[in-house]
Amino acid sequence: MMYILLGIIAFIILIIIILYNHLISLKHRVEEAWSDIEVQLKRRHDLVPNLMEAVRGYMSHERDLFEKVTEARAKAIGAGNQHEKMIAENALSSTLKTLFAVAENYPDLKANTNFIEFQRELSDTENKIQAARRFYNSNVRDFNIAIESFPSNIIASFFKFNKREFFDMDEREKTVPEVKF
């Protein structure tokens with residue numbers, strides 16, 4: 001009888017260890033995925049000033065737009081926590097889309113090789129951000145499911161694992177930029 005009781009206790013401890021290690025693994029995948037996003041966001045932050053310099057001479061009448069892009073970039077760089085960063089990055093994406101929409105009205109600018117190169121680089125970076133975002137969101141989904149599913153939810157609540165937030169698109173990002181002259 002004593003061996004059966006010890007066997008049951010050992011089995012329960014083993015299950016707890018396995019579930020805990022699984023949650024830790026998922027948590028680290030989410031953190032790794034967020035790190036991948038940050039690498040691409042840094043790349044975008046570095047490209048924006050060069051892009052702005054390339055278009056400044058052609059789009060001299062678009063001062064408000066330049067200020068919005070610069071302000072959005074500054075907010076994205078200075079965002080404190082992950083939630084603020086997500087909101088700020090969505091705003092930056094939206095202002096960059098508006099910049100490219102306005103640039104369509106400047107034929108000389110569209111023919112400029114520097115602008116074309118920066119636009120290509122930024123477009124490539126945006127695609128990489130979207131891929132990293134999908135990877136992050138799939139890891140967040142797996143992590144959130146694990147901490148809400150039985151019996152791992154018991155271990156998750158005991159060790160204070162908290163749900164993570166998806167990196168969703170902002171409502172402004174879902175709409176087509178409006179261009180006014």
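One-based numbering along the sequence shown. What you are looking at is a predicted structure, and each value in this text was computed from that prediction instead of being measured.
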Problem - Residues D124 and R120 bridged, charged N to O under 4.0 Å - result: no
Exercise for the section: Check whether F11 and Y20 end up in the same hydrophobic cluster, where Ile, Leu, Val, Met, Phe, Trp and Tyr are linked by side-chain heavy atoms less than 4.5 Å apart. Expected result: yes
Completion exercise
Rounded to the nearest 0.5 Å, the CZ atom of F115 sits from the CG atom of D108 at a distance of 12.0 Å
Handout entry: Ion pair E71/K75, N-O distance below 4.0 Å
Key = yes
Problem - Ionic contact status for K68 with D64, cut-off 4.0 Å - result: no
Practice task
Taking the side chain as every heavy atom from C-beta outward, state whether H22 and I155 have any atom pair closer than 4.5 Å.
Solution key: no
Practice task
Please check if any side-chain donor atom of T95 sits under 3.5 Å from a side-chain acceptor atom of R73, or the reverse.
Solution key: no
Handout entry: Point-to-point distance, once rounded to the nearest 0.5 Å, from CD1 of I116 to OG of S123
Key = 13.0 Å
Handout entry: pair L92-E89: side-chain heavy atoms closer than 4.5 Å
Key = yes
Handout entry: Pairwise side-chain contact, T125 with Q40, heavy-atom cut-off 4.5 Å (strictly under)
Key = yes
Practice task
Look at the aromatic rings of F167 and W34 and report parallel, tilted or perpendicular, splitting at 30° and 60°.
Solution key: tilted
Completion exercise
d(N153 CG, F150 CZ) to nearest 0.5 Å is 7.0 Å
Practice task
Identify whether L26 and I16 are in the same connected component of the hydrophobic contact network (ILVMFWY, side-chain heavy atoms under 4.5 Å).
Solution key: yes
Problem - Cluster overlap I15 with I12, hydrophobic side-chain contacts below 4.5 Å - result: yes
Problem - Single-linkage hydrophobic cluster, 4.5 Å side-chain cutoff, F100 and V102 together - result: yes
Practice task
In sequence, state the C-alpha distance, the side-chain angles, and the governing distance for V30 and K27, and then conclude on side chain to side chain contact (heavy atoms under 4.5 Å, CB included).
Solution key: CA-CA 5 Å; V30 169; K27 178 182 154 216; 5.8 Å; no
Practice task
Return the minimal non-hydrogen interatomic distance between N139 and R29, and the atom names on each side.
Solution key: OD1-CB, 3.4 Å
Practice task
Treat each ILVMFWY residue as a node, draw an edge where side-chain heavy atoms are under 4.5 Å apart, and state whether I147 and F159 are in one component.
Solution key: yes
Fill in the blank from the handout: Minimal heavy-atom distance between N162 and F143, with the atoms involved, is O-CE2, 3.1 Å
Problem - Close side-chain approach of R44 to V48, heavy-atom, < 4.5 Å - result: yes
Problem - Inter-residue atom distance I9.CD1 - I13.CD1, 0.5 Å rounding - result: 7.0 Å
Exercise for the section: For the pair S25 (side chain) and N21 (backbone), establish whether a donor and an acceptor sit closer than 3.5 Å, ignoring hydrogens and angles. Expected result: no
Handout entry: Distance-minimising heavy-atom pair for A88 and A76
Key = CB-CA, 3.6 Å
Handout entry: Ion pair E126/R133, N-O distance below 4.0 Å
Key = no
Exercise for the section: Would you name the heavy atoms of I77 and H45 that are closest together and state the gap between them? Expected result: CG1-ND1, 3.5 Å
Problem - Side-chain heavy-atom pair F161, I24 within 4.5 angstrom cut-off - result: yes
Problem - Flag side-chain contact, heavy atom, 4.5 Å: M52 against F66 - result: yes
Exercise for the section: Measure the CD-CG distance between E117 and L122 for me, rounded to the nearest 0.5 Å. Expected result: 11.5 Å
Completion exercise
Between A101 and N105, the two heavy atoms sitting closest are O-ND2, 4.1 Å
Practice task
Calculate, to the nearest 0.5 Å, the distance between atoms CG and CD belonging to L47 and Q119 respectively.
Solution key: 12.0 Å
Problem - Heavy atoms from other residues, nucleotides or ligands near NE2 of H28 exceed 12 (cutoff 6.0 Å) - result: yes
Handout entry: M86 vs F166 side-chain heavy atoms within contact, under 4.5 Å
Key = no
Problem - Test log, rule side chain to side chain contact (heavy atoms under 4.5 Å, CB included), inputs N144 and R164 - result: CA-CA 7 Å; N144 288 346; R164 297 296 179 99; 4.2 Å; yes
Practice task
Verify, without hydrogens or angle tests, whether K85 (side chain) and G80 (backbone) share a donor-acceptor contact under 3.5 angstrom.
Solution key: no
Exercise for the section: State whether the side chain of N90 and the backbone N or O of D168 hold a donor-acceptor pair below 3.5 Å, judged by distance alone. Expected result: yes
Exercise for the section: For A33 and Y136, work out which heavy atoms get closest and say how close. Expected result: CB-CA, 3.4 Å
Handout entry: Check: A146 main-chain N/O paired with S152 side-chain donor or acceptor under 3.5 Å
Key = yes
